[in-house]
2 protein chains.
Amino acid sequence: MLPMKSRYALKALVFLARHQADGPVPVAGIAAAEAIPVKFLEAILLELRNSGILTSRRGPTGGYQLRVEPETVHLGDVIRNLSGPMAPLPCLSKTAYHRCTECVDEATCAVRLLMADVHAATLRIVDGTTLAQLVARVDASAVGEAEGQSERCRPEQGPVSAKLDFID
Amino acid sequence: MLPMKSRYALKALVFLARHQADGPVPVAGIAAAEAIPVKFLEAILLELRNSGILTSRRGPTGGYQLRVEPETVHLGDVIRNLSGPMAPLPCLSKTAYHRCTECVDEATCAVRLLMADVHAATLRIVDGTTLAQLVARVDASAVGEAEGQSERCRPEQGPVSAKLDFID
DNA sequence: CCCAATTCCTATCATCGCGATAGGTTTACT
DNA sequence: AGTAAACCTATCGCGATGATAGGAATTGGG
C-alpha cells in the first residue's frame, strides 16, 4: 500500500502544478480542495520544501509553490523522499540496503530473484514518470473517458497470453 | 515490503518443489533448511494446504507435499492467499475494492492513474511466473553466476534513456 | 506599527498490522 | 502403546503509520 503521506504529496503536487500561475497557494487551500487533513499536509509540504521541489513564503499572501518545472519532478523521488525506499525486500534497496535476516544465501534467493523484477518494473514507472506527464495523463484520461481510448502502460505488448487481465 | 509470511511461503514452496520426489517433508525440516521460525512456518503451510496447493499427512513419516505441479502454481496467488491483495491502493483491488476515503474523484485521480500502472506491472510479473519457472531461474542464475550472463527482465528493452538504472 | 495570516517546529497520541510464541489436541505410523 | 507429526486457538510485543495539539517565527496589509 502506498502510504497516505505519498498519496497526499502526489495530489498536492498535481494541484500545485495546475496552479503554477497563481503564485503561492496556502496549505489550507490545497487541503480543502483535495480533502487532506490540514496539519498533516502542512508537514508533508514542509518536507517537500526541504527536499527542494517547493518554495514557500510566510505571512499573508504566503503559501507553497513549485520551485522547479513539473517536467523535472520524478515521481519516484517524491515517494522516496516522503516514505523511504520502495524496495519490496531490504536486500533490494541501494540506499538502505540491509541483508534479509531470514535469507540463508542471498545469491541463490528465489524471493529476491522474483522481487527484483517487480522492483525494477515499479521503478521504471515511478521514476520514468514526471509530474508534468502525470498531469497530462489525467487530462488525457478525462477526455478519452467519452471515447473509450484509455490505452496505456503497454509499450509493445507482444503476444500476451490472452487471459492476462490479472486481479488484485 | 513483501510480508515475511509471503517470503517464507515462497521459500518453502521452492524447497518443496525441489524435494517433490522425497514424499512428505516435515515442517521442522523446511524450517531448519530455510531458517524460518518453526511455529510460524507451521501456520503458513497450513494455510497453503487449505488453499489447495499443498497436501499433508499426519503422524510419523508425515509432512507437507505439493498437491499440484509446480508449473501450475502462480506466485501471485500464493502471495494473495497469505498476505491479501497487493494493490497499492484500495481502489485498485478487484476482490477487496474499497473507495479511497481521501479521494475526491476517483475518475480523475492522478495517484490512481499512476499506481494502476505499477500494479499492472507487478501483477504481470508475479502472476506470470510459476513456481516451476522460479526454480528454473534460480538454477539458471546460479550457473550464469560464473559467466556473467544474468540478464533478465528486459524483454525487448528498446532505446532506454541510458541513465535508467534506478535505485531504491 | 500592529494585526492577522501563514509557514514552521516539536511533541504526543491512538491504533493497527505484523511477526512471533505458547500450549495444547488430534491423527497415524511403527 | 508410544511417539512424531499435523492441526488449532489464543495471545503478545513492537513499531510504523496517520493524525492532532499547541505553539513560535515570519511577513504582508491596514
Side-chain angles (χ1 to χ4, degrees), chain A residues 1-9 11-12 16 22-32 34-51 54-65 67 79 82-86 88-90 96 98 100-103, chain B residues 1-12 16 22-32 34-51 53-65 67 79 82-86 88-90 96 98 100-103:
Chain A
M1 280 282 201
L2 188 70
M4 285 296 175
K5 220 174 180 182
S6 292
R7 296 188 211 177
Y8 291 151
K11 283 178 182 243
L16 286 175
D22 304 5
V25 183
V27 173
I30 309 173
E34 299 291 341
I36 301 173
V38 185
K39 280 302 219 177
F40 198 13
L41 182 57
E42 209 174 80
I44 292 168
L45 294 185
L46 200 50
E47 283 191 62
L48 288 176
R49 170 191 158 279
N50 291 334
S51 69
L54 295 183
T55 330
S56 61
R57 199 167 66 201
R58 300 219 249 197
T61 78
Y64 285 94
Q65 201 172 359
R67 183 196 193 81
I79 298 176
L82 292 172
S83 310
M86 35 200 148
L89 298 175
H98 175 26
C100 294
T101 57
E102 81 274 8
C103 197
Chain B
M1 280 282 197
L2 188 70
M4 285 294 174
K5 221 173 178 182
S6 291
R7 297 189 212 177
Y8 290 152
L10 291 176
K11 283 178 181 245
L16 285 174
D22 304 6
V25 182
V27 173
I30 308 174
E34 299 291 340
I36 302 171
V38 184
K39 280 302 219 176
F40 198 13
L41 182 59
E42 207 175 80
I44 292 168
L45 295 185
L46 200 49
E47 282 191 62
L48 288 176
R49 171 189 157 279
N50 290 335
S51 68
I53 300 179
L54 297 182
T55 332
S56 60
R57 200 167 66 202
R58 299 221 249 195
T61 78
Y64 285 95
Q65 201 172 0
R67 184 196 192 81
I79 297 175
L82 292 173
S83 310
M86 34 199 148
L89 298 174
H98 174 26
C100 294
T101 58
E102 81 275 8
C103 197

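Computed from a predicted model, the values in this text were never measured in an experiment. In what follows, chains are A, B, ... by sequence order, proteins preceding strands, each numbered from 1.
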side-chain contact (heavy atoms from CB on, under 4.5 Å) partners for [X], two or more places apart:
{"X": "A:Ala31", "result": "A:Val38, A:Leu41"}
{"X": "B:Ala96", "result": "B:Pro85, B:Ser93"}
{"X": "B:Pro26", "result": "none"}

### Message
If you assign B:Arg49 and A:Pro37 each to the DNA chain D nucleotide with the nearest heavy atom, which residue ends up on the more 5' nucleotide?
### Response
B:Arg49
### Query
Nearest nucleotide by nearest heavy atom, which residue falls closer to the 5' end of DNA chain D, A:Phe40 or B:Pro26?
B:Pro26
### Query
Can you name the side-chain hydrogen bond (donor to acceptor under 3.5 Å, both in side chains) partners of A:Ser83, sequence neighbours left out?
A:Ser6
### Task
Applying side-chain hydrogen bond (donor to acceptor under 3.5 Å, both in side chains), name anything that partners B:Arg49, two or more places apart in sequence or on another chain.
B:Ser56
### Query
Which nucleotide of DNA chain C is the first, and which the last, in the 5' to 3' direction, to come under 4.0 Å of a heavy atom belonging to chain A?
C:dA5 to C:dC9
Measure the distance from [atom1] on [X] to [atom2] on [N] and round it to the nearest whole Å.
{"X": "B:Leu41", "N": "D:dA5", "atom1": "CG", "atom2": "P", "value": "14 Å"}
{"X": "A:Tyr8", "N": "D:dT17", "atom1": "OH", "atom2": "C1'", "value": "11 Å"}
{"X": "A:Arg7", "N": "D:dG18", "atom1": "CZ", "atom2": "P", "value": "7 Å"}

### Message
Between the side chains of A:Glu102 and B:Lys11, is the shortest nitrogen-to-carboxylate-oxygen separation below 4.0 Å, so that they form an ion pair?
### Response
no
#### Entry: Listed partners of B:Tyr8 passing ring pair (Phe, Tyr, Trp, His ring centres under 6.0 Å), at least two apart
B:Phe40
### Query
Could you write nucleotides 21-30 of chain D as a row of B, S and -, 5' to 3', where a protein heavy atom under 4.0 Å of any base atom gives B, of only sugar-phosphate atoms gives S, and otherwise -?
BBB-BBBB--
### Message
Test your reading of the model: is there a side-chain donor-acceptor pair from A:Arg58 to the backbone of A:Gly62, 3.5 Å cut-off?
### Response
no
### Axial bend angle, the helix from C:dC1-D:dG30 to C:dT30-D:dA1: five-pair end segments, nearest 10°
10°
### Message
So, taking the atom named CG in A:Leu48 and the one named OG1 in A:Thr55, what distance separates them when rounded to the nearest 0.5 Å?
### Response
11.5 Å
## Note on the structure
Distance col, row A:Ile36:CD1 vs A:Leu45:CG, nearest 0.5 angstrom, shows 8.0 Å
### Query
Which part of the nucleic acid, if any, lies within contact of B:Pro3, taking any heavy atom under 4.0 Å across all strands shown: a base, the sugar-phosphate backbone alone, or nothing?
sugar-phosphate
### Query
With respect to the phosphate group of D:dA5, does any side-chain polar atom (N or O) of B:Tyr64 fall under 4.0 Å of OP1 or OP2?
no
### Message
Among residues at least two apart in sequence or on other chains, which ones pass salt bridge (Lys or Arg N to Asp or Glu O under 4.0 Å) with A:Glu42?
### Response
A:Lys39
